[in-house]
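What follows is a set of notes on a single structure, which appears directly below.
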Amino acid sequence: MKKEENNLDRLERTNPFRVPDGYMEGLTERIMSQLPEKPREEEKPISLLDRIRPWLYMAAVFAGLGLFFEAIVGDEALNGNAAADSLLVDTKIPVESLEAIDDEDEEYLEYLETQYTNYLMSESDELEYSE
């Protein structure tokens, strides 16, 4: 008996799958007839409360967050301890600290100001002329 070595060459252009004749004709009707009948449920109307419920929940969340932050930040601001314990930064410089600056500090501050100004000016010149 002779053994075939390459079966793929023999089956290369043929389709091994076959559908019986007339199978596709009326397929949808046969499938639908085999399904059990399910009664359609009537859709109940959506009430006004169901429509606005998500908006009420969102309003409640924002009100809760507002009360939460008011409880944390508001009490400290009323007591005058807001700068010490709050996340807010107080940028006002007390007058006493300005009077405490002596001549050496003024010279140092002027030096820093000129250095910073020169740095900014040199940086702006580079930005203007660079192409």
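Along the sequence shown, the residues carry numbers beginning at 1.
- Other members of the hydrophobic cluster containing Phe62, listed by chain and number, are Trp55, Met58; membership follows side-chain contacts under 4.5 Å among ILVMFWY residues, whether direct or relayed.
- In this structure, Thr114 OG1 and Leu112 CG are separated by 7.5 Å, a value rounded to the nearest 0.5 Å.
- Residues passing the side chain to side chain contact (heavy atoms under 4.5 Å, CB included) test with Leu56 are Leu49, Ile52, sequence neighbours excluded.
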Extract all donor-acceptor atom pairs below 3.5 Å that involve side chains of residues 25-33 and protein atoms in other chains or at least two apart in sequence.
residue	atom	partner	partner atom	Å
Arg30	NH2	Tyr23	O	2.6
Ser33	OG	Glu29	O	3.3
Ser33	OG	Arg30	O	2.8

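- Listed by chain and number, the residues in a side-chain hydrogen bond (donor to acceptor under 3.5 Å, both in side chains) with Ser47 are Asp50 (sequence neighbours excluded).
- Distance check, rounded to the nearest 0.5 Å: CZ of Arg51 to CZ of Arg53 gives 13.0 Å.
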